[in-house]
Participant: 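Please find one structure pasted underneath; my questions will follow.
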Amino acid sequence: MTEYDDTLEPAAGEVADFDAFFAEQAEPEKKGVPLRLYGRTYVLPATLPALFTLQLHRVQHSAQPEDIRRLLASMFGPDAVDHWTEHGMDDRRLGIVLLWATANVADPGRVSMERAAELYAERNAAKAAGKAAPRTAKPKPKAKAKPRSSGTRS
């Protein structure tokens with residue numbers, strides 16, 4: 001059992017109070033950018049939620065649909081992915097929406113829908129070029145020549 005060390009107990013007033021600090025730092029609340037998709041209007045958060053940032057790191061190393069669902073739920077709501085898939089959203093459209101949304105969360109108007117589509121196409125082309133790039137084959141080592149036989153038996 002670990003012994004309690006009361007010397008680590010902060011004296012009154014020595015607590016790092018982030019609640020008070022953030023209250024002092026508070027700015028007027030920004031409104032998020034609205035978007036319409038498959039008949040629903042979503043409002044992006046004014047800043048990326050911490051959960052989105054944490055899930056994004058996890059999704060980079062995961063192919064689990066539930067991880068992606070949690071990531072998108074933090075920005076668009078818990079049933080957005082289901083709604084989108086029910087309406088036939090494909091990976092291209094999802095990619096465009098995500099590029100647009102992440103660019104416009106903190107800086108509304110930064111990326112147009114057209115530019116998001118261009119960026120998506122550019123990224124896909126770069127990925128495809130990386131996969132299709134011919135590998136430089138290493139030359140096969142030449143086999144050592146066999147000594148010529150004189151034709152006589154020894």
Participant: In the structure I gave you, are the side-chain heavy atoms of Arg115 and Leu99 within less than 4.5 Å of one another anywhere?
Facilitator: no
Participant: Please report the shortest heavy-atom distance between Pro34 and Thr41, naming the atom on each side.
Facilitator: CB-CG2, 4.3 Å
Participant: Honestly curious: do Leu71 and Met89 fall in one hydrophobic cluster under the side-chain, below-4.5 Å linking rule?
Facilitator: yes
Participant: Can you get from Met113 to Leu119 by hopping between Ile, Leu, Val, Met, Phe, Trp and Tyr side chains that sit under 4.5 Å apart?
Facilitator: no
Participant: Kindly indicate whether the side chain of Leu98, heavy atoms from C-beta on, has any atom under 4.5 Å from the side chain of Leu72.
Facilitator: yes
Participant: Is Tyr42 reachable from Ile96 through a run of I, L, V, M, F, W or Y residues, each pair having side-chain heavy atoms under 4.5 Å apart?
Facilitator: no
Participant: Would you check, one step at a time, whether the test side chain to side chain contact (heavy atoms under 4.5 Å, CB included) holds for Trp100 with Leu44?
Facilitator: CA-CA 11 Å; Trp100 182 88; Leu44 295 177; 3.7 Å; yes
Participant: Under 4.5 Å between any side-chain heavy atoms of Arg93 and Leu37, yes or no?
Facilitator: no
Participant: Before accepting this row, confirm whether a basic side-chain N of the pair Asp79/Arg40 lies closer than 4.0 Å to the acidic partner's carboxylate O.
Facilitator: yes
Participant: Of the non-hydrogen atoms in Met75 and Pro49, which two are nearest, and what is the gap between them?
Facilitator: CG-CD, 4.2 Å
Participant: Taking C-beta and beyond as the side chain, do Asp17 and Phe22 meet within less than 4.5 Å on heavy atoms?
Facilitator: no
Participant: A side-chain contact here means heavy atoms from C-beta on lying under 4.5 Å apart; do Asn104 and Val111 qualify?
Facilitator: yes
Participant: Evaluate the ring planes of His83 and His87, with Trp represented by its six-membered ring, and classify them as parallel (under 30°), tilted (30 to 60°) or perpendicular (over 60°).
Facilitator: tilted
Participant: Could you go step by step and tell me if Lys31 and Val43 meet the side chain to side chain contact (heavy atoms under 4.5 Å, CB included) rule?
Facilitator: CA-CA 8 Å; Lys31 299 267 188 213; Val43 179; over 6 Å; no
Participant: Looking only at non-hydrogen atoms, find the nearest pair between Ala101 and Phe76 and report the distance.
Facilitator: CB-CZ, 3.7 Å
Participant: Treat each ILVMFWY residue as a node, draw an edge where side-chain heavy atoms are under 4.5 Å apart, and state whether Tyr38 and Val81 are in one component.
Facilitator: yes
Participant: May I ask you to say whether Lys127 pairs ionically with Glu122, meaning some side-chain N is under 4.0 Å from a carboxylate O?
Facilitator: no
